[in-house]
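Chain identifiers are assigned alphabetically (A, B, ...) following the order of the sequence lines, protein sequences preceding nucleic acid strands; residue numbering begins at 1 within each chain. Computed over heavy atoms, backbone and side chain alike; hydrogens, waters and symmetry mates excluded.
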Amino acid sequence: MENKVTKETILRISGVNPRKCMRCGKCSGTCPSYDEMEYHPHQFVYMVENGEIEPLLKSKSIYKCLSCFACVERCPRDVEPAKLVEAIRLAVIRQQGENHLKPETIPEVLNADLPQQAIVSAFRKYSK
Amino acid sequence: MQVNNSEFKPKIVAFCCNWCSYAGADLAGTNRLNYPADVKIIRVPCSCRVNPMFILRAFQRGADGVILCGCHPGDCHYTTGNYYTRRRMTLLFSMLDYLGIEKERTRVEWVSAAEGAKFAATMNDFVETVTKLGENKRLEDLRCKEK
Amino acid sequence: MQREMIERAKALLADGTVNRVIGWKAGEFDYDITPAVFTTAEELDAGFLYNDLCAANLSKYLIKESRKEGKILAFLKPCDTYSFSQLLKEHRIWRDHVYVIGVPCEGKVDVDTVKSKGITGICSMRCDGETVRVETLYGEESIKKDEAMADRCLNCKSKKHVVYDELMGEEGDVLDSHRFDMVEKLENMTPDERFAFWRGELSRCIRCNACRNVCPACTCEKCVFDNDASGIAQKAAVDSFEENMFHIIRAFHVAGRCTDCGECSRVCPQNIPLHLLNRKFIKDIDELYGEYQAGADPDTKPPLNTFTQEDAEPSVIYERGGNK
Amino acid sequence: MQRIGVFICHCGTNIAATVDVKAVAEALKHEPGVVFSTDYPYMCSEAGQNIVKDAIRDYHLSGVVICSCSPRMHEATFRKAAAVAGLNPYMVEIANIREQCSWIHKDIPQATEKAITLGKAAIAKVHLNAPLYAGESPVVKRALVIGGGIAGIQTALDIADAGFPVDIVETKPTIGGKMTQLDKTFPTLDCAACILTPKMVDCAQNENIKIYSYSEVTDVKGFVGNFTVTIKRKARYVDETKCTGCGICTEKCPMKKVPNEFNLGMNNRSAVYIPFAQAVPKVATIDPEHCNMLKKGKCGLCAKVCTAGAIDYKQKDEFIEEQYGAIVVATGYNPINLDKFDEFAYSQSKDVITSLEFERLTNAAGPTSGTLLRPSDGKHPHTIVFVQCVGSRDTSGCGKEYCSKICCMYTAKHAMLTREKYPDTDVYVFYIDVRTPGKSFDEFYRRAVEQYGVHYIKGMVGKIVPQADGTLAVQASDLLDNKQLHINADLVVLAAAIEPDKSARPLATMLTASMDTNDFFTEAHPKLRPVESPTAGVFLSGTCQGPKDIPETVSQAGAAASKVIGLLCKDKLTCNPCVAHSDEWMCNGCSACEKVCPYGAITYEDKEFRMPDRTTAIRRVAIVNEAVCQGCGACTVACPSGAMDLKGFSNSQIMAEVDAICK
């Protein structure tokens, strides 16, 4: 599993065409986790397009993304940055070969106020 | 191009609308894009001028394939002509197919005045397809009792 | 029903509403019934017929008849009203010169179908409820009516009259027919099988033009095949393809206008199932451009004279399944 | 039998290198009807043309076939040459043996054989050619301008100045359009009203201009030079000829709670109203939606106070029919609806406004008399955020794919003017790109930044949340600083994309003019014929053709006017003779051809015929208006009997070509 994650892999997993981006920055303008992130949504798009995958794979930013899809919703060019974040995350998980979130750990972290959608989203994010 | 039967040269009639496809064919020429000499073009003002009778007549007189080229839907010089072409030819070709005549002998392709390369590529492909099918015997044979 | 129709016709003649009546009368043989125009009560009494053998579609005759002086009474079967309505849509009939009485139809007995069941030497036929009694040179035979009807009646599309001034009998409904079954069967054959089928059928054509002459959609002042300027007028067939071209073009010309009355197949002396060509167009139109029944209403645009921007590309026929 | 001459062009070596021209000339010499066949290096040269002309005279040619380059290249040249020699120009056919033969084939025998076949096809066609004569149609010397904004006004003034009568049809009670709502105009900052209202007055006073305000075009028939247009004059319940525009009725009207559309609903007007002080025509209009008299039959106050007796509650919509030689479309634009942009809280907060609303807020005739105040509480805003590209350059489906073009400049103007008048205000402009091509445009934008200290930030606003204290929390990205910004703004101004007016599409259908997917009218040629629509006689002026600013609109309006003048100067128009023609003896009158005609060129007539059997019959037959027909041929295929045929491309001609090619 030592395969290098390439730009092509990310594009294939995400189905995103970063060339559609016109660099308006609305994704980052709308992102609720912006300040938590080292790389911001628009940078994900730009860096993937430039093939700078390695720093993204190492960045904690991919776990800071809430998968709220605000960037996807509001992007005027239909670029869908969150899908790139997700694809990078998946690439990391595939390399590690292990889940960040295991079903048995869920009851501990479960909070009655947590929306169902968030649990599903978390599963999608942190497990294979 | 692979030709199984090197003897056989198909006769291809191409109807091209004056505004897009004929200009596209001219552009193919200007750019020296080769396609077989078997293709002979007839200029019509619009693809909607092409009467099914012309196509059948071509087959009757020995054509092996007939292709019809017009502006892309929505780009018709006469606004709507090729939309009618689209319906007419879909139904006609479906009928020929229903009679058991190879549907590959008929084709409609939208070629704009800027698509010289597409015109040449289309003609190359069509000639190749028809060459593989061989001579158009079926239409004529349709009426002959089996021996 | 026949009596009732004659009485009503006489009454309309008497009060001056109409001056002629178009209906049916016996031909050379009594199963061979032909359309006829009656002008007096006496003629009606002597010749007017309406029974299960009156198959002819009268609508086409009204093109000429409606252009004459005065009004004509026309008895139209459900089938005929579709053709009538389609002709109105094409401005071919002068509506105010025709008084239409819709008459019911229970399906017509077809002499060729009876013959195909092995009954020969037919002298006369008579319908007796669900049984057809056939008098032949060799004695009387009987056959179930279902077996004596042509395909067009077995797969009747509608018992409803779409146009009329008055109605006799009960109004029927549009039916769910299986009229496309045979077309579908052909579509599912291989091209070779289809070719063999059509070669078998079309090779019998003698180009008598009966199909064209009877067709209520073929109403051109001058047929394109008789038009010297068209470039395809035929004095004599140039080659064996000529007749195919005729049938394909004829079907194309009536596409979107053919009401599927089935007269072409009824009158074909060679029994070529010509209606299968028309039905193929109808089926394609229904599938590609939405259900369309020619003659069903006066307003919808004929499918070949309209379009949508989202119409299927002609390549759709390469993609459609079942006929690889 | 025709006497045909065949002329093979070498085109230098362009043709002759791949096609054996001598062999072609020799082969075609033996075709039936060919009496002369020759070749020449450059047939299109003067010497070449003379060969053709001489041969026509010497050999009494009745038809000419030129085997040369594409007919799109030189068909007109050779037709002209034939005409000079006394041959009908439509007896010339071109066989394209360059673009479609010599240039694409390498094998000489093959190319030669193909050239011969193409020549034979052209000969076969010429055999069936008949002389064609271009018809003429008269020109009605009056123009119609649809839309009375700056584009329509300028076009009308220019046409009227040339001496032709022009009518302006405007749906609103006054002409002037969007420009009347603007405050200052970039880049010179002159006041819009100061430069526009004199032009409006000019229109009203010009003898050649007739203004149909509060009116709509409901039907267009006819063709270039001869349009018949139905105009609906909506009932304004005020007699235009009597009203003096004194405004007493508007003062006395008790129904004063009607949102004022001129100020974009930011204040109210009365039910009987004059849109603004400089309206042209300056007459009152009663809004039937809100007038108590018209709704409930109670009130009638305006009639009582009107000294001119102009109020007429019984007025009805009136339809008038007029003839025009040319039609100019100047239907203009509107800002898009912002309902799909929840993130900017436009519908939640009164203090999130569009740029056009901002214009009204800064205009002396606006709801705040020109003092910039927040719509919610009437206080001075101290922090203003401008958001550019709201709905422009948007492929997500919420907005428009195109750039609205004017937003960068008016936003710079707004920002600059704000800073000038209220230097204590912080002004932020969020941009994706600043696009300022145009004379003095970039200088203007730089002035806003350098001289007036407007904060231009490369980035986009992500969301705006109204706060309890009345401010607006703006969250945005600063891409250059790689930061997320949080600004508490008092006022947010959205540069909404502009879109063509909704009336454009139905109008395009009436005019049979084409439109692009965004509902902008299409030009006849995007570069070389930018102010003409592909439909002859229909011209385009202003933003109905694409986003543009005032200077561009005015220059296009002038260009459209000059095209119209060029058309109206002619007494007669020459028509394309290759048009459809119906053989009335064969026509069934079935209406199939009419249904497929994109130009409405086919009508029907009940005609009396003397039949061969000496009876008389009345038959419905198709008549083609040759001036309207463009010769596409759709009708010829719809016609089952073949009664409808196309001159120059007849059924038998095409069939003859098919036969010659397949032989």
Side-chain angles (χ1 to χ4, degrees), chain B residues 47-48 51-63 67-70 72-76 79-110 129 133 136-147, chain C residues 183 186-187 189-205 224 230-232 237-249 251-253 255-256 276-277 280-281 283-285 287-289 303-318 320 323:
Chain B
S47 59
C48 71
N51 197 310
M53 289 192 296
F54 304 160
I55 293 172
L56 296 180
R57 172 71 154 236
F59 283 132
Q60 180 186 16
R61 294 295 148 98
I67 182 164
L68 177 49
C69 300
H72 286 266
D75 292 348
C76 176
T79 337
T80 53
N82 50 11
Y83 288 123
Y84 297 115
T85 308
R86 189 159 67 174
R87 283 203 171 188
R88 290 167 183 165
M89 293 307 142
T90 307
L91 290 178
L92 178 71
F93 295 174
S94 177
M95 175 55 78
L96 292 178
D97 175 48
Y98 182 66
L99 294 174
I101 289 146
E102 302 93 338
K103 51 194 164 193
E104 292 82 6
R105 292 191 188 278
T106 47
R107 191 183 289 187
V108 169
E109 203 72 53
W110 312 122
T129 309
L133 288 173
N136 183 21
K137 293 287 288 173
R138 276 225 159 148
L139 267 173
E140 216 172 310
D141 286 353
L142 192 54
R143 253 196 65 74
C144 304
K145 285 223 164 74
E146 262 176 289
K147 282 138 207 158
Chain C
V183 178
L186 281 165
E187 285 172 347
M189 291 180 178
T190 63
D192 288 342
E193 288 166 344
R194 281 202 295 274
F195 179 71
F197 173 86
W198 282 111
R199 168 192 271 190
E201 297 293 348
L202 291 176
S203 60
R204 298 203 304 276
C205 175
V224 69
S230 72
I232 56 160
V238 172
D239 55 30
S240 59
F241 181 67
E242 207 92 35
E243 275 81 18
N244 296 334
M245 184 150 159
F246 170 76
H247 287 299
I248 299 169
I249 292 292
F252 184 82
H253 279 176
L276 291 177
L277 293 175
K280 168 64 177 166
F281 275 134
K283 184 168 179 283
D284 275 348
I285 288 169
E287 287 171 3
L288 293 167
Y289 311 122
L304 270 167
N305 294 342
T306 184
F307 63 87
T308 70
Q309 294 182 350
E310 294 77 32
D311 280 345
E313 291 294 327
S315 56
V316 69
I317 60 154
Y318 305 100
R320 274 197 298 186
N323 44 14

Closest contact, heavy atoms only, C:Ala312 versus B:Arg86: O-CG, 3.4 Å

Smallest separation among heavy atoms of B:Arg87 and C:Pro303, with atom names: NH1-O, 2.7 Å

Under the side chain to side chain donor-acceptor pair (under 3.5 Å) test, residues paired with B:Arg88 that sit two or more places apart: none

Is there a side-chain contact between [X] and [Y] in this structure, where contact means two heavy atoms from C-beta onward sitting under 4.5 Å apart?
| X | Y | result |
| --- | --- | --- |
| B:Met95 | C:Asp284 | no |
| C:Met245 | B:Phe59 | no |
| B:Pro73 | C:Gln309 | no |

With sequence neighbours excluded, residues passing side-chain contact (heavy atoms from CB on, under 4.5 Å) with B:Ala58: B:Val13, B:Ala63, B:Val66, D:Val658, D:Cys662

Greatest number of heavy atom pairs closer than 4.5 Å to chain B - which of [options]:
| options | result |
| --- | --- |
| C:Thr308, C:Val183, C:Asp311, C:Leu304 | C:Asp311 |
| C:Ile285, C:Leu277, C:Thr306, C:Asn305 | C:Thr306 |
| C:Phe197, C:Tyr289, C:Phe281 | C:Tyr289 |

Interatomic distance, B:Glu102 atom CD to C:Asp192 atom CG [nearest 0.5 angstrom]: 8.5 Å

At a heavy-atom separation under 4.5 Å, does [X] approach chain C through its side chain, its backbone, both, or neither?
| X | answer |
| --- | --- |
| B:Pro52 | both |
| B:Leu96 | side chain |
| B:Thr106 | both |

Whether B:Tyr98 and C:Trp198 hold their rings parallel, tilted or perpendicular, with breakpoints at 30° and 60°: tilted

